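All values derive from a computational prediction rather than experimental measurement. The first residue of the sequence shown is numbered 1, and numbering continues consecutively from there. No hydrogens, no waters, no symmetry mates; every other heavy atom, side chains included, goes into these values.
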Amino acid sequence: STCVLDLNDKPSEKCGVLNVTKITENGKKVRKNWTSSWTVLQGSSLLFAKGQGGGTSWKFGGSQSKPEFTVDLRGGSVEWASKDKSSKKHVIELKTRKGTELLIQSEIDSVINDWYKTLVETVNTHAWE
Ligand code: I3S
């Protein structure tokens, strides 16, 4: 699939469809709500937008393509989620510095493994200033 993304005229480093749920928001536990989202990495920001029915590309900028939410990866952490966090396979737990915790998942190992590598690299290279 093609990564056709253009947000503020900057191309995305990586994008794709992942299953996503928040589990904690600003330090408070929230109810899981798994949704299929276009996930876009741009610098140290990870953006999520509702999936557009199995399309292979996404372009931000139109009225329907606003990100649902964005997380800042600087100062955050990325790890494989422990079994008690989800019954699903291939789940990454992402914690932000502000106390938001997300689970991201794909049924496809190669997809989630690539995201894991990229996210770890991102957290490691974008230090909190
Ligand atoms: O961690 P939990 O509470 O077992 O998560 C499951 C629930 O959120 C469930 O929804 P409701 O309890 O609101 O009906 C979801 O359908 C499941 O997908 C959640 O568990 P997994 O293991 O899929 O993350």
Side-chain angles (χ1 to χ4, degrees):
S1 65
T2 330
C3 214
V4 182
L5 286 143
D6 205 327
L7 186 74
N8 309 321
D9 293 324
K10 286 184 200 160
S12 157
E13 280 118 53
K14 184 168 176 62
C15 72
V17 177
L18 292 172
N19 300 316
V20 183
T21 184
K22 279 186 190 166
I23 53 169
T24 306
E25 203 162 10
N26 302 314
K28 274 187 81 177
K29 196 170 184 276
V30 294
R31 190 171 182 171
K32 270 186 188 167
N33 180 25
W34 285 104
T35 46
S36 175
S37 295
W38 266 96
T39 307
V40 180
L41 178 67
Q42 207 169 47
S44 60
S45 296
L46 193 63
L47 297 85
F48 300 94
K50 278 231 172 86
Q52 232 183 13
T56 54
S57 69
W58 183 273
K59 193 170 166 69
F60 281 110
S63 57
Q64 283 196 302
S65 57
K66 284 217 190 94
E68 293 266 297
F69 64 98
T70 302
V71 294
D72 186 348
L73 296 171
R74 289 175 300 166
S77 69
V78 177
E79 59 191 315
W80 291 110
S82 58
K83 287 267 190 279
D84 60 315
K85 298 282 167 147
S86 177
S87 62
K88 298 186 195 304
K89 277 193 209 163
H90 317 134
V91 181
I92 295 171
E93 184 176 12
L94 201 66
K95 294 183 187 176
T96 72
R97 198 174 176 271
K98 285 187 174 172
T100 293
E101 295 177 315
L102 305 173
L103 300 180
I104 66 176
Q105 190 262 358
S106 169
E107 292 298 326
I108 307 160
D109 323 21
S110 57
V111 168
I112 202 71
N113 286 330
D114 281 357
W115 273 102
Y116 182 80
K117 276 185 225 152
T118 302
L119 292 171
V120 167
E121 231 174 73
T122 303
V123 164
N124 290 342
T125 55
H126 294 264
W128 185 264
E129 291 111 43

Checking L18 against V111 for the side chain to side chain contact (heavy atoms under 4.5 Å, CB included) test, could you report, in this order, the C-alpha distance in whole Å, the side-chain angles of both residues, the deciding distance, and whether it holds? CA-CA 9 Å; L18 292 172; V111 168; 4.0 Å; yes
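In this structure, the side chains of T39 and I104 stay at 4.5 Å or more apart for every pair of heavy atoms. Taking the side chain as every heavy atom from C-beta outward, T24 and K95 never approach each other to under 4.5 Å. Residues L73 and H126 have side chains not in contact (no heavy-atom distance under 4.5 Å, counting atoms from C-beta outward). You'll find the side chain of S44 reaches within 4.5 Å of the side chain of D72, heavy atoms only. Proximity of V123 to L94: side-chain heavy atoms (C-beta onward) are nowhere separated by under 4.5 Å. Taking 4.5 Å as the limit, every side-chain heavy atom of R74 sits out of range of all side-chain heavy atoms of R97.
When every heavy atom of S106 is checked against every heavy atom of I112, the shortest pair comes out as N-CD1, 3.7 Å. Heavy atoms only, all atoms of each residue included: W38 and C15 are closest at CZ3-SG, 3.6 Å. Across all non-hydrogen atoms, the minimal contact from K85 to K32 is O-NZ, 2.8 Å. Shown here for W115 and V40, the closest heavy-atom pair between the two residues is CH2-N, 4.5 Å.
Summarising the local packing, CD of E79 is surrounded by more than 12 heavy atoms from other residues, nucleotides or ligands at distances under 6.0 Å. More than 12 heavy atoms of other residues, nucleotides or ligands lie within 6.0 Å of NZ in K88, so this atom counts as buried by the packing criterion. Atom NZ of K117 has 12 or fewer heavy atoms from other residues, nucleotides or ligands within 6.0 Å.
One hydrophobic cluster, built from ILVMFWY side chains closer than 4.5 Å, cannot hold both W34 and L47; they sit in different ones. Put simply, F48 and V78 are part of the same group of oily side chains (I, L, V, M, F, W, Y) that touch within less than 4.5 Å, one to the next. There is no path of hydrophobic side-chain contacts, each under 4.5 Å, that joins I23 to F69.
Partners of E25 according to the side-chain contact (heavy atoms from CB on, under 4.5 Å) rule, which considers only residues two or more places apart in sequence or in another chain, are K22, V30, T100. Every residue two or more places apart in sequence or in another chain that forms a side-chain contact (heavy atoms from CB on, under 4.5 Å) with T118 is listed here: K14, L41, T122.
L103 pairs in a side-chain contact (heavy atoms from CB on, under 4.5 Å) with only one of the listed residues (V20, N19, I92, V91), which is V91.
Here the NZ-CG distance, from K89 to D109, works out to 7.5 Å after rounding to the nearest 0.5 Å.
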